[in-house]
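Report on the structure given below.
All figures in this text were calculated on a predicted structure; none of them were measured in a lab.
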Amino acid sequence: MVPGTVTRRFALVDRDGTINEERHHLADPDDLALIPGVAAALVRLRDELGMGIVVVTNQAEIGRGNLQPDRLDAIHARLEAMLAAEGATVDAIFVCPHAPEAGCGCRKPAPGLALAAIERFGFDPAAAFVVGDHAADMGMGRAIGATTIFVRTGHGAQEEAAAGPLADHLADDLGEAVAIIAALAPEGSA
């Protein structure tokens, strides 16, 4: 980033348990269900706050051989169609396909997915927000210097004790997280 330039701010948002309802190892696009209010929250991020949105998701079932990449593509196509039906869009979906034991640099809490998004879109990580329902999401956000917001949807109840110390803010759901972002980064601020 060139000093003095203004880039669009970004929110890096976890998928399972933050955008869509948590399903143990989601493998069927037909089992996908949005958490109520998520589409409206994403519309507010993009339209009212002018932010970019990247979904960041660990999908270890690919690395374990239990989910084929084309099936994951179908899940993401359905997710984008469901969001679009409610007027919401995302800039990209970044996936870590590795099992935890692979030791890759892209599995959250490692910063690889965030770094790939930064490289692609050229935003300042210190001006970004990371939203998710796991300590790993908060860890990734901390690794890049972003503001972290933990949501209590999905695995939130089980993860709050571990994630809380890594979270800059706590929210009941994505809608409340976006309200926090709006207070911290009103439209036009970079």
Side-chain angles (χ1 to χ4, degrees), residues 1-3 5-20 22 25-26 38 41-42 45-46 49-64 67 69 72-73 75-76 79 90-156 158-171 174 177-178 180-181 184-185 189-190:
M1 190 167 85
V2 176
T5 61
V6 177
T7 62
R8 185 166 71 152
R9 294 181 84 157
F10 269 75
L12 306 178
V13 184
D14 175 53
R15 191 191 84 178
D16 299 321
T18 303
I19 292 176
N20 56 276
E22 181 63 42
H25 303 307
L26 177 65
V38 160
L42 295 175
L45 268 179
R46 178 174 305 289
L49 302 177
M51 295 185 77
I53 303 164
V54 174
V55 177
V56 287
T57 181
N58 288 343
Q59 294 298 318
E61 290 302 287
I62 290 178
R64 293 179 179 128
L67 179 64
L72 181 63
D73 291 343
I75 290 168
H76 288 158
L79 175 64
V90 299
D91 291 277
I93 300 174
F94 283 71
V95 176
C96 170
H98 307 109
E101 57 275 9
C104 67
C106 60
R107 183 174 175 78
K108 297 179 286 182
L113 294 178
L115 295 174
I118 292 163
E119 183 176 328
R120 178 168 170 190
F121 295 105
F123 61 89
D124 178 1
F129 296 88
V130 173
V131 182
D133 69 324
H134 278 271
D137 300 311
M138 302 300 97
M140 181 190 73
R142 287 291 173 142
I144 64 165
T147 300
T148 55
I149 304 174
F150 178 78
V151 293
R152 294 183 177 104
T153 50
H155 286 286
Q158 299 91 343
E159 287 278 316
E160 189 167 353
L166 299 172
D168 294 310
H169 302 276
L170 302 175
L174 187 58
V178 171
I180 291 167
I181 292 169
L184 296 171
S189 69

Legend entry - side-chain contact (heavy atoms from CB on, under 4.5 Å) evaluation trace for Val55 with Phe94: CA-CA 6 Å; Val55 177; Phe94 283 71; over 6 Å; no
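- Between Ala110 and Gly105 the shortest heavy-atom distance is CB-O, 3.2 Å.
- Considering every non-hydrogen atom in both Ala99 and Ala60, the closest pair reads CA-CB, 3.9 Å.
- With rounding to the nearest 0.5 Å, the separation of CD1 in Ile118 from CG in Leu12 is 7.0 Å.
- The two residues Phe123 and Ala128 have their closest heavy-atom pair at CE1-CB, 3.8 Å.
- For the pairing with Arg15, the side chain to side chain contact (heavy atoms under 4.5 Å, CB included) check across Leu79, Val90, Ile93 returns one residue only, Leu79.
- A distance-only check finds a donor-acceptor pair linking the side chain of Thr148 to the backbone of Leu166 [under 3.5 Å].
- The side-chain heavy atoms of Val178 and Leu49, taken from C-beta on, include a pair separated by under 4.5 Å.
- Closest of all the heavy-atom pairs between Ala177 and Ala171 is N-CB, 3.6 Å.
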Legend entry - Audit row: Asp137, Phe150, side-chain contact (heavy atoms from CB on, under 4.5 Å) steps and yes/no: CA-CA 8 Å; Asp137 300 311; Phe150 178 78; over 6 Å; no
Inset, instruction - Kindly indicate, with the supporting measurements, whether the criterion side-chain contact (heavy atoms from CB on, under 4.5 Å) is fulfilled by Val131 and Leu174. - result: CA-CA 8 Å; Val131 182; Leu174 187 58; 3.8 Å; yes
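- To the nearest 0.5 Å, the span separating CG on Asp133 from OG1 on Thr153 amounts to 5.5 Å.
- Of the candidates Val56, Asn58, Thr57, Val95 forms a side chain to side chain contact (heavy atoms under 4.5 Å, CB included) with just one, namely Thr57.
- For the atom pair CE (Met138) and CD (Glu160), the distance works out to 11.0 Å, reported to the nearest 0.5 Å.
- Within a 6.0 Å radius of CD in Glu119, no more than 12 heavy atoms belonging to other residues, nucleotides or ligands are found.
- When all heavy atoms of Phe129 and Met51 are compared, the pair lying nearest together is CD1-CE, 3.5 Å.
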Inset, instruction - Determine, step by step, whether Arg9 and Asp124 satisfy the salt bridge (Lys or Arg N to Asp or Glu O under 4.0 Å) criterion, reporting the C-alpha distance in whole Å, the side-chain angles of both residues, the deciding distance to 0.1 Å, and the verdict. - result: CA-CA 7 Å; Arg9 294 181 84 157; Asp124 178 1; over 6 Å; no
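- Counting heavy atoms from C-beta on, the side chains of Leu184 and His169 come closer than 4.5 Å.
- Closest of all the heavy-atom pairs between Ala143 and Pro111 is CB-CB, 3.9 Å.
- Atom CD of Gln59 and atom CZ of Arg107 lie 9.0 Å apart (nearest 0.5 Å).
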Inset, instruction - Might you work through the side-chain contact (heavy atoms from CB on, under 4.5 Å) test for Thr147 and Val130, ending with a clear yes or no? - result: CA-CA 6 Å; Thr147 300; Val130 173; over 6 Å; no
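- Under a 4.0 Å N-O distance rule, the pair Asp168/Arg142 qualifies as a salt bridge.
- With a 4.5 Å cut-off on side-chain heavy atoms, Pro97 and Arg64 do not count as touching.
- The aromatic rings of His155 and His134 lie tilted to each other, with the angle between the two planes from 30° to 60°.
- The structure places CG of Leu45 at 5.0 Å from CD1 of Ile181, a figure rounded to the nearest 0.5 Å.
- Interatomic distance, Asn20 CG to Asp16 CG, rounded to the nearest 0.5 Å: 4.5 Å.
- A donor-acceptor pair is defined here as one N or O able to donate and one able to accept, closer than 3.5 Å; such a pair exists between the side chain of Asp91 and the backbone of Ile53.
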